[in-house]
A.B. asks: 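Got a structure for you, questions after.
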Amino acid sequence: MNFYVTTPIYYVNDQPHIGHAYTTVAADVLARYHRMRGRDVYFQTGTDEHGQKVQSAAEERGLDPKGHADMMVENFKTLWTKLDISHDAFIRTTDADHTKVVRELLQRLWDEKQIVKRTYSGWYCTPDERFWMEKDLVEGCCPDCGREVEKIEEDNYFFLMSEYQDRLTEHIQKNPGYILPETRRNEVLGFLKNQPLGDLCISRPKTRLAWGVTLPFDEDFVTYVWFDALLNYYSGAQYLAPAEFKKTNGDLAPWPATHHLIGKDILTTHAVYWSTMLMALEIPLPENIFAHGWWTVEGRKMSKSLGNVVEPAGVAEKYGVDAFRYFLLREVPFGLDGDFSEDALVNRINTELANDLGNLQSRVLKMVAKYCKSEVPEPEETEEEMKALAEGILDALEGHLEVLQFQRALDEIWKLVSFVNKYIDTNAPWALAKDPAKAGRLRTVLYSSTEALRFLALYLHPFMPGSTVKLWRTLGQGEDLREISLDKEARWGRLKPGTGLLDEGPLFPRIDTGKKERERAKFEPKRATEKAIGEMRQKLSGKEGKDMEEKAADNLISIDGLTKVEIKTGKVLKAEAVEGSNKLIRLEVDTGEPRQIVAGIGNAYRPEDLEGKTIVVVTNLKPAKLMGIESQGMLLAATGPDGEPSVLMPDREVPPGSKIK
RNA sequence: GGCGGUGUAGCUCAGUCGGUUAGAGCAUGCGGCUCAUAUCCGCAGUGUCCGGGGUUCGAAUCCCUGCACCGCCA
């Protein structure tokens with residue numbers, strides 16, 4: 001039985017973000033793990049390159065769509081190299097071989113009357129490439145993106161998906177592991193139960209969309225992207241996978257896929273469209289579709305407009321590829337949503353990678369260097385408890401990874417890390433070393449600790465390939481860790497006494513947060529104020545400033561005009577998000593007297609970050625109601641070039657209610 | 001609106017079939033060690049298990065109900 005794992009094919013136009021990295025790293029861990037278990041692994045990722053957006057983007061740059069895709073695909077390919085992704089194949093939907101498979105299968109469905117031609121009328125949103133029903137429109141516009149839609153009546157081809165509703169429901173019910181996690185499975189079952197399944201429009205007339213796979217039975221149409229895209233999982237297995245798979249595992253091998261890893265946003269597409277397509281084609285279904293969660297960033301949804309898109313290459317560069325990979329899989333149970341923040345990442349790195357694991361390696365290697373001249377000592381006896389723990393992890397890994405519980409797998413491995421740290425403390429080799437009578441015991445303790453490190457390198461290799469290769473090397477293990485068999489190596493005692501150990505410095509350097517915190521506390525309020533002043537200066541002195549000065553000449557006010565405005569400092573006592581608004585924050589501020597202020601700064605600040613801060617408030621402004629809440633004054637903030645507010649704060653501590661003049 | 005889910009320590013969460021004193025990590029406090037990357041080890045906690053009602057000898061767990069939040073609805 002082979003092991004075939006996929007990521008979705010990513011839309012070639014997208015800028016790779018943490019979500020892409022997440023799925024791909026997860027798939028990579030599985031692939032690496034199963035290779036180490038000696039299984040025939042095929043791991044495929046790739047890009048989706050057809051459709052309106054690619055066509056438009058190419059036109060904008062004066063390129064043909066393929067040329068544009070050729071350029072954009074590098075974004076993904078480079079990132080996967082940076083993140084140590086070990087995919088066996090990279091499929092592009094513009095591959096001639098892929099297109100060929102798509103056309104063959106379309107033809108087959110047409111011949112078997114699983115595809116029919118119908119007149120379709122509806123409202124079409126061109127940028128989103130999809131039809132809407134009249135009832136779904138929001139004020140006559142696309143409910144998804146808010147842009148205008150056009151009424152279209154045209155012939156199209158439909159895949160008779162509706163015929164498979166019962167079969168699909170039954171398949172999902174009979175195979176509890178088909179859709180995971182369970183909550184997603186429930187969703188799909190609910191979806192299938194509540195309404196009749198419709199047929200799926202799988203074509204677009206070339207007059208509207210030229211960039212796609214031409215229907216084999218009608219030259220005037222291309223196939224709609226999903227039909228083309230989903231088939232990659234199957235087509236790649238036919239023409240990109242090594243031929244050996246077919247010899248040992250049958251004609252379709254490595255198909256069917258063991259796991260399709262996807263984000264929860266494309267669950268229906270996979271669970272319903274893809275499954276029924278395969279049923280119609282009489283191709284076996286994949287064993288599992290796993291929909292993982294989404295990442296928020298510092299507690300907010302990731303979006304281009306917020307400018308908080310996490311760029312994986314940058315994070316990997318700053319903190320290390322392996323630390324990033326580790327964080328992604330350790331922080332959140334696979335399947336649930338998670339939150340990415342640098343603080344959380346640094347915390348994981350420092351506590352688990354640097355303190356627990358890195359320091360363990362360091363203390364063991366240094367002691368072997370000190371007490372045994374950097375050579376693995378001959379143990380006096382076997383530490384049975386540690387042996388059982390270390391060897392037992394292999395089964396635990398298998399269990400957890402079978403259901404993609406990476407977090408639990410890592411948890412299991414960390415039990416060994418903790419055990420050895422405790423073991424060293426309890427046995428105190430530094431004390432044993434002082435007593436020649438205890439030399440045998442010392443050798444046992446150091447041997448066992450070193451042997452445990454060898455297990456850790458093995459088990460952690462799928463998660464952190466680079467660091468574990470290094471660890472493996474410092475343990476004097478010559479063989480290439482990537483090629484090694486877990487079943488052979490995860491046996492206690494395979495570490496040979498006499499092996500020379502190397503010191504290559506810390507495995508995971510600690511990140512000094514103390515300094516960072518102090519700097520942030522010191523500079524952040526100042527920075528905001530400085531920025532505001534700087535911007536004003538720039539405007540007044542620069543070219544832009546001159547224009548403004550001229551324009552402003554008539555608008556000049558006298559000092560009296562200014563003194564009418566009462567501005568004071570205020571200490572934020574309490575801050576909370578206003579319900580029903582993502583921008584408004586309600587603040588209770590002490591400006592000498594308590595007052596309530598509502599400020600539209602929720603995009604840039606979390607309420608809890610404002611509490612305790614001293615801000616600047618216009619205190620004699622007429623009260624106004626925002627979302628039904630009275631705002632008694634106005635908080636002053638500079639607007640940055642990105643449109644994000646930067647709240648003014650005094651340079652040094654002043655009492656609440658201090659006058660500003 | 002329909003369907004599904006969640007609510008447990010300061011934070012993130014685990015809690016199997018209903019069963020002893022409700023757990024883990026992080027954060028916090030105290031103590032110990034000195035091999036180690038200011039690391040490691042030990043101890044200490046704090047709980048209206050969302051509210052209300054019910055079943056039961058016994059409920060975080062099962063049932064009903066209310067509230068809050070989240071997801072899915074081509």
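Every chain is numbered from 1 and lettered A, B, ... according to where its sequence line falls, protein lines coming before strand lines.
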A.B. asks: What are the residues of residues 396-422 of chain A, sorted by number, that bring a heavy atom to within less than 4.0 Å of RNA chain B?
C.D. replies: Arg408(A), Asn421(A), Lys422(A)
A.B. asks: Which part of the nucleic acid does Arg184(A) contact within heavy-atom distance under 4.0 Å: base, sugar-phosphate only, or nothing?
C.D. replies: sugar-phosphate
A.B. asks: Using a strict threshold of under 4.0 Å (side-chain N to carboxylate O), is an ion pair present between Arg441(A) and Glu383(A)?
C.D. replies: yes
A.B. asks: List the residues meeting side chain to side chain contact (heavy atoms under 4.5 Å, CB included) with Lys366(A), not counting sequence neighbours, and say none if there are none.
C.D. replies: Ser362(A), Asp503(A)
A.B. asks: Of the candidate nucleotides A36(B), U37(B), C73(B), which contains the atom at the shortest distance from the side chain of Lys370(A)?
C.D. replies: A36(B)
A.B. asks: Checking base pairs now: Watson-Crick or wobble, both atom distances under 3.5 Å. What partners U34(B)?
C.D. replies: none
A.B. asks: So, using side chain to side chain contact (heavy atoms under 4.5 Å, CB included) as the criterion, who are the partners of Ala388(A) when residues are at least two apart?
C.D. replies: none
A.B. asks: With sequence neighbours excluded, tell me which residues meet side chain to side chain contact (heavy atoms under 4.5 Å, CB included) with Ala433(A).
C.D. replies: Tyr371(A), Leu442(A)
A.B. asks: With heavy atoms under 4.0 Å as the rule, sort Pro196(A) into base, sugar-phosphate or nothing.
C.D. replies: base
A.B. asks: On RNA chain B, does the nearest nucleotide to Leu507(A) precede the nearest nucleotide to Glu187(A) from the 5' side, or the other way round? Give the residue.
C.D. replies: Leu507(A)
A.B. asks: Across nucleotides 27-32 of chain B, 5' to 3', mark each nucleotide with B, S or - according to how protein heavy atoms within less than 4.0 Å reach it.
C.D. replies: S----B
A.B. asks: Can you check whether Asn186(A) has a side-chain N or O nearer than 4.0 Å to OP1 or OP2 of C3(B)?
C.D. replies: no
A.B. asks: Considering only NZ, NE, NH1 and NH2 on the basic side and carboxylate oxygens on the acidic side, decide whether Glu182(A) and Arg185(A) come within less than 4.0 Å.
C.D. replies: no
A.B. asks: Of all the choices, U37(B), A74(B), U39(B), which nucleotide is nearest to the side chain of Asn359(A) once you look at every atom?
C.D. replies: U39(B)
A.B. asks: Charged N to carboxylate O under 4.0 angstrom, Asp425(A) versus Arg363(A)?
C.D. replies: yes
A.B. asks: By the 4.0 Å heavy-atom rule, please label Pro429(A) as base, sugar-phosphate, or nothing.
C.D. replies: nothing
A.B. asks: Could you pull out all residues at least two apart from Asp265(A) that satisfy side chain to side chain contact (heavy atoms under 4.5 Å, CB included)?
C.D. replies: Trp294(A)
A.B. asks: When all nucleic acid strands are considered with a 4.0 Å heavy-atom cut-off, which category describes Leu189(A): base, sugar-phosphate, or nothing?
C.D. replies: nothing
A.B. asks: Quick one: label Phe508(A) by what it contacts on the DNA or RNA (base, sugar-phosphate, nothing), any heavy atom closer than 4.0 Å.
C.D. replies: base
A.B. asks: Looking just at side-chain N and O atoms, do Trp274(A) and His260(A) make a donor-acceptor pair shorter than 3.5 Å?
C.D. replies: yes
A.B. asks: Need to verify one output field. Residue with the more 5' nearest nucleotide on RNA chain B, Leu357(A) or Ala428(A)?
C.D. replies: Ala428(A)
A.B. asks: Any ring pair (Phe, Tyr, Trp, His ring centres under 6.0 Å) pairs touching residues 401-439 of chain A, not counting sequence neighbours?
C.D. replies: Tyr326(A)-Trp414(A), Phe334(A)-Phe406(A)
A.B. asks: Can you list every salt bridge (charged side-chain N to carboxylate O under 4.0 Å, His left out) pair that touches residues 271-281 of chain A, not counting sequence neighbours?
C.D. replies: none
A.B. asks: Does a nitrogen or oxygen in the side chain of Lys366(A) sit under 4.0 Å from OP1 or OP2 of U37(B)?
C.D. replies: yes
A.B. asks: Can you pull out the residues from residues 163-179 of chain A that lie within a 4.0 Å heavy-atom distance of RNA chain B?
C.D. replies: none
A.B. asks: In sequence, state the C-alpha distance, the side-chain angles, and the governing distance for Glu298(A) and Phe340(A), and then conclude on side chain to side chain contact (heavy atoms under 4.5 Å, CB included).
C.D. replies: CA-CA 6 Å; Glu298(A) 311 268 355; Phe340(A) 178 88; over 6 Å; no
A.B. asks: Apply the ring pair (Phe, Tyr, Trp, His ring centres under 6.0 Å) test between Phe221(A) and each candidate in Tyr157(A), Phe158(A), Trp110(A); give the one that qualifies.
C.D. replies: Tyr157(A)
A.B. asks: Can you tell if the side chain of Asp337(A) reaches within under 4.5 Å of the side chain of Val332(A), non-hydrogen atoms only?
C.D. replies: no
A.B. asks: Using a 4.0 Å cut-off on heavy atoms, which residues in residues 334-341 of chain A reach RNA chain B? List them by number, or say none.
C.D. replies: none
A.B. asks: Sequence neighbours excluded, which residues qualify as ring-ring contact (aromatic ring centres under 6.0 Å, His included) partners of Phe508(A)?
C.D. replies: none
A.B. asks: Now, which nucleotide makes the Watson-Crick or G-U wobble pair with G71(B), with each of the two distances under 3.5 Å?
C.D. replies: C3(B)
A.B. asks: Pairs in or reaching into residues 166-176 of chain A: which pass salt bridge (charged side-chain N to carboxylate O under 4.0 Å, His left out), with residues at least two apart or in two chains?
C.D. replies: Glu170(A)-Lys174(A)
A.B. asks: Can you identify which nucleotide, out of U34(B), A74(B), A36(B), has its nearest atom closest to the Ser362(A) side chain?
C.D. replies: A36(B)
A.B. asks: Within the structure, does a side-chain N or O atom of Arg510(A) lie under 4.0 Å from either OP1 or OP2 of U39(B)?
C.D. replies: yes
A.B. asks: When all nucleic acid strands are considered with a 4.0 Å heavy-atom cut-off, which category describes Leu197(A): base, sugar-phosphate, or nothing?
C.D. replies: base
A.B. asks: Please report, rounded to the nearest Å, how far the P atom of C33(B) is from the CG atom of Asn355(A).
C.D. replies: 20 Å
